[in-house]
J.: 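This is the structure I have questions about; it appears just below.
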Amino acid sequence: MRFHVLTLFPGMVRAGLDGSILGRAAQKGLVEIETVDIRDYTCNRHNRVDDYTYGGGAGMLMQAQPVYDCCEAVQAGILQRQGQKARVLYMSPVGDVFDQRMAGELAREQELILLCGHYEGVDARALEEIGAEEVSIGDFVLTGGELPAMVIIDAVSRLIPGVLGNTDSADTDSFMNGLLEYPQYSRPAVWRGKEVPDVLLSGDHARVEAWRLEQSLALTRERRPDLYARFVREHPEIMEERQKRLERERRRREREARRNGGGTA
């Protein structure tokens, strides 16, 4: 997977992505992150890429020409390699909200272009000409698109086979199955008087999976009722099987209670 980040601050992007898991993935050739300085494509002798907005208002706007020329130069190389142009994502607070589903969709691409705006953003004509898809990482405003671009690259890269050391890690993350992730524990079994739930020490994989599902459902219902409602709607078979399991467990406890009651009478 190749990511092309069009930015006024390439050093910021490289510094944020060169370490840890993404750095190792790049060394293995699993991902490639190219930063392209938009200033290199300005026709202004002072290398200015911004100007005042028509109609007045505070702040400066990135001009159409350098953004368009920069993107077209990158697309030319992609077209030569892939036979078609890549999708262009423009980091924007008014765009579609980025989520795990979008990350999975983007992970199937061969190459992606991420355009980072700055100041008051980018001239709308450039966005139209390059066919940019506006993407937001949340309902807040940042000083530029570099941080959102890095967030998207991180989220997409970890879904690429081989990037994570444990291939199962991404499958159990929050949002991968539509639910928030269940609580997790490591050694020691008792820490500051707090014990790991007995079920996780039982070695019974079926019970462990059932416990994890219940924890995820409870956490999602409490903190993200919107996600919980969607999961119930989209996975009726899981909820039906869960209900059957809970009913079996209830009957088992009742039988044990009767046996214990009879033995002590």
J.: Evaluate Leu8 against Cys116 for side-chain contact (heavy atoms from CB on, under 4.5 Å), listing each step before the verdict.
T.: CA-CA 8 Å; Leu8 298 178; Cys116 303; over 6 Å; no
J.: Does Val94 offer a backbone N or O that forms a donor-acceptor pair with the side chain of Ser92 under 3.5 Å?
T.: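 Answer holds: yes.
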J.: Indicate the atoms forming the closest heavy-atom contact of Leu219 with Glu181, along with that distance.
T.: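 Distance-wise, the nearest heavy atoms are CD2-O, 3.3 Å.
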J.: Ignoring hydrogens, what is the shortest heavy-atom contact between Val36 and Cys70? Give both atom names and the distance.
T.: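 Of all heavy-atom pairs spanning Val36 and Cys70, the closest is CG1-SG, 3.6 Å.
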J.: Ignoring hydrogens, what is the shortest heavy-atom contact between Gly95 and Ser136? Give both atom names and the distance.
T.: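 Taking Gly95 first and Ser136 second, the nearest heavy atoms are O-CB, 3.7 Å.
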J.: How long is the gap from CG on Leu22 to CG on Leu30, to the nearest 0.5 Å?
T.: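 The CG atom of Leu30 is 10.5 Å from CG of Leu22, to the nearest 0.5 Å.
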J.: Of all the heavy-atom pairs spanning Ile78 and Ala86, show the shortest one and how long it is.
T.: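 Minimum heavy-atom contact is CD1-CB, 3.7 Å.
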J.: Under 4.5 Å between any side-chain heavy atoms of Val163 and Arg24, yes or no?
T.: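 Result no, sub-4.5 Å side-chain heavy-atom pair not found.
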J.: Atom CZ in Phe98, atom CE in Met91: separation rounded to 0.5 Å?
T.: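 That separation rounds to 9.0 Å.
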J.: Using modelled atom types only, decide if a donor and an acceptor are shared between the side chain of Glu32 and the backbone of Ala26 within a distance under 3.5 Å.
T.: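 Flag not set: sc Glu32 to bb Ala26 has no pair under 3.5 Å.
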J.: Which pairs pass salt bridge (Lys or Arg N to Asp or Glu O under 4.0 Å) with one or both residues in residues 44-57, sequence neighbours excluded?
T.: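 Those involving residues 44-57 are Arg48-Asp50.
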J.: Side chains of Leu112 and His4: closer than 4.5 Å at any heavy-atom pair?
T.: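 Sidechains of His4 and Leu112: no contact.
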J.: Rest of the hydrophobic cluster containing Leu201 (Ile/Leu/Val/Met/Phe/Trp/Tyr, side-chain heavy atoms under 4.5 Å)?
T.: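 Leu201 shares its hydrophobic cluster with Tyr185, Val196, Val199, Leu200, Val208, Trp211.
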J.: Let me confirm one number: the CG-CG distance from Asp123 to Leu61, rounded to the nearest 0.5 Å.
T.: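 If I round to the nearest 0.5 Å, the distance is 5.5 Å.
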J.: Would you say Leu79 and Tyr68 are hydrophobically clustered, going by side-chain heavy atoms of ILVMFWY under 4.5 Å?
T.: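 Hydrophobic grouping puts Leu79 apart from Tyr68.
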J.: Starting from the C-alpha separation in whole Å, work towards a yes-or-no answer on side-chain contact (heavy atoms from CB on, under 4.5 Å) for Asp18 and Ile33.
T.: CA-CA 9 Å; Asp18 280 349; Ile33 302 169; over 6 Å; no
J.: Roughly how far, to the nearest 0.5 Å, is the CG atom of Asp69 from the CG atom of Asp40?
T.: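 Asp40 CG to Asp69 CG: 12.0 Å, rounded to 0.5 Å.
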J.: Apply salt bridge (charged side-chain N to carboxylate O under 4.0 Å, His left out) to Glu129 and list each qualifying residue two or more places apart in sequence or on a separate chain.
T.: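 None.
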J.: With salt bridge (Lys or Arg N to Asp or Glu O under 4.0 Å) as the criterion, how do Glu247 and Lys244 come out once you've worked through the C-alpha distance, each side chain's angles and the decisive distance to 0.1 Å?
T.: CA-CA 5 Å; Glu247 181 62 23; Lys244 291 178 181 178; over 6 Å; no
J.: Using a 4.5 Å cut-off on heavy atoms from C-beta on, say whether the side chain of Ile153 contacts that of Val31.
T.: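 Heavy-atom side-chain distance check fails, nothing below 4.5 Å.
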J.: Could you pull out all residues at least two apart from Glu256 that satisfy side-chain contact (heavy atoms from CB on, under 4.5 Å)?
T.: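 side-chain contact (heavy atoms from CB on, under 4.5 Å) list for Glu256, sorted by chain: Arg252, Arg259.
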J.: Please lay out, stage by stage, how Leu127 and Val88 fare under the test side-chain contact (heavy atoms from CB on, under 4.5 Å).
T.: CA-CA 9 Å; Leu127 299 178; Val88 182; over 6 Å; no
J.: With side chains defined as the heavy atoms from C-beta onward, is the minimum distance between Arg39 and Pro66 less than 4.5 Å?
T.: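 No, side chains not in contact.
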J.: Give every residue pair that meets the side-chain hydrogen bond (donor to acceptor under 3.5 Å, both in side chains) criterion with at least one member in residues 137-157, sequence neighbours excluded.
T.: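 Only Thr7-Glu146 qualify under side-chain hydrogen bond (donor to acceptor under 3.5 Å, both in side chains).
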J.: So that I can tick it off, tell me whether Glu241 and Arg248 are bridged by a salt bridge, with the cut-off set at under 4.0 angstrom between side-chain N and carboxylate O.
T.: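 The answer is yes: the pair qualifies as a salt bridge.
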J.: Considering residues at least two apart in sequence or located in another chain, which fulfil the side-chain contact (heavy atoms from CB on, under 4.5 Å) criterion with Val151?
T.: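 side-chain contact (heavy atoms from CB on, under 4.5 Å) check on Val151 returns Ile137.
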J.: What verdict does the side-chain contact (heavy atoms from CB on, under 4.5 Å) test give for Leu6 and Leu114, after you've listed the backbone C-alpha separation in whole Å, the side-chain angles of each residue and the deciding distance to 0.1 Å?
T.: CA-CA 6 Å; Leu6 315 188; Leu114 295 92; over 6 Å; no
J.: For Leu179, does its backbone N or O pair with a side-chain atom of Ser216 as donor and acceptor, under 3.5 Å?
T.: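 Not a single qualifying donor-acceptor pair exists.
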J.: Quick one: are Val156 and Met1 in side-chain contact, heavy atoms under 4.5 Å?
T.: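 Yes, their side chains come closer than 4.5 Å.
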J.: If the condition is salt bridge (charged side-chain N to carboxylate O under 4.0 Å, His left out), which residues does Lys28 pass it with, not counting sequence neighbours?
T.: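 Checked Lys28 against salt bridge (charged side-chain N to carboxylate O under 4.0 Å, His left out); zero matches.
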J.: Report yes or no: do Tyr182 and Leu246 belong to one cluster of Ile/Leu/Val/Met/Phe/Trp/Tyr joined by side chain heavy-atom distances under 4.5 Å?
T.: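 No.
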J.: Taking side chain to side chain donor-acceptor pair (under 3.5 Å) as the test, write out the residues that go with Arg245, two or more places apart.
T.: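 Partners of Arg245 by the side chain to side chain donor-acceptor pair (under 3.5 Å) criterion, ordered by chain and then number, come out as Glu214.
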J.: Test of understanding: with side chain to side chain donor-acceptor pair (under 3.5 Å), list the residues that count as partners of Thr35, not counting sequence neighbours.
T.: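 Thr35: side chain to side chain donor-acceptor pair (under 3.5 Å) contacts with Arg14.
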J.: Kindly determine whether Glu128 and Arg125 satisfy salt bridge (Lys or Arg N to Asp or Glu O under 4.0 Å), including the steps that lead there.
T.: CA-CA 5 Å; Glu128 183 178 348; Arg125 294 169 295 183; over 6 Å; no
J.: A side-chain contact here means heavy atoms from C-beta on lying under 4.5 Å apart; do Leu217 and Phe231 qualify?
T.: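 A side-chain contact under 4.5 Å exists here.
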J.: Among residues two or more places apart or on two chains, list those pairs meeting side-chain hydrogen bond (donor to acceptor under 3.5 Å, both in side chains) that have a residue in residues 188-203.
T.: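 Every candidate side-chain hydrogen bond (donor to acceptor under 3.5 Å, both in side chains) pair involving residues 188-203 fails, so no pair, neighbours aside, qualifies.
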J.: Any pair with a residue in residues 78-100 that passes salt bridge (Lys or Arg N to Asp or Glu O under 4.0 Å), sequence neighbours left out, goes on the list, sorted by first then second residue, please.
T.: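 Only Glu72-Lys85, Arg81-Glu111, Arg87-Glu105, Arg87-Glu109, Arg87-Glu133 qualify under salt bridge (Lys or Arg N to Asp or Glu O under 4.0 Å).
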J.: Could you list the residues that satisfy side chain to side chain donor-acceptor pair (under 3.5 Å) with Tyr41, not counting sequence neighbours?
T.: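 Per chain and number, Tyr41 pairs via side chain to side chain donor-acceptor pair (under 3.5 Å) with no residue.
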J.: More than 12 foreign heavy atoms under 6.0 Å from CD of Glu237: is that the case here?
T.: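 Atom CD in Glu237 is crowded, with more than 12 foreign heavy atoms closer than 6.0 Å.
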J.: Is it true that Glu254 and Arg251 have a side-chain N and a carboxylate O under 4.0 angstrom from each other?
T.: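 No salt bridge links Glu254 with Arg251.
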J.: Could you report the tightest heavy-atom contact between Pro93 and Phe140, atom names first, then the distance?
T.: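 For Pro93 and Phe140, the tightest heavy-atom pair comes out as CB-O, 3.9 Å.
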J.: Report yes if the side chains of Leu89 and Leu115 come closer than 4.5 Å at any heavy-atom pair, otherwise no.
T.: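 When only atoms from C-beta onward are counted, Leu115 and Leu89 do not touch, as no gap falls below 4.5 Å.
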J.: Nearest 0.5 Å, please: how far is CZ in Phe3 from CD1 in Ile113?
T.: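 CZ of Phe3 is found 12.5 Å from CD1 of Ile113.
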J.: Quick one: NE2 on His235 to CZ on Arg242, what's the gap to the nearest 0.5 Å?
T.: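 Reported value, rounded in 0.5 Å steps: 14.0 Å.
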J.: Do Val97 and Leu159 sit in the same hydrophobic cluster, where Ile, Leu, Val, Met, Phe, Trp and Tyr count as joined when their side-chain heavy atoms come under 4.5 Å apart?
T.: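 Result: no, two separate clusters.
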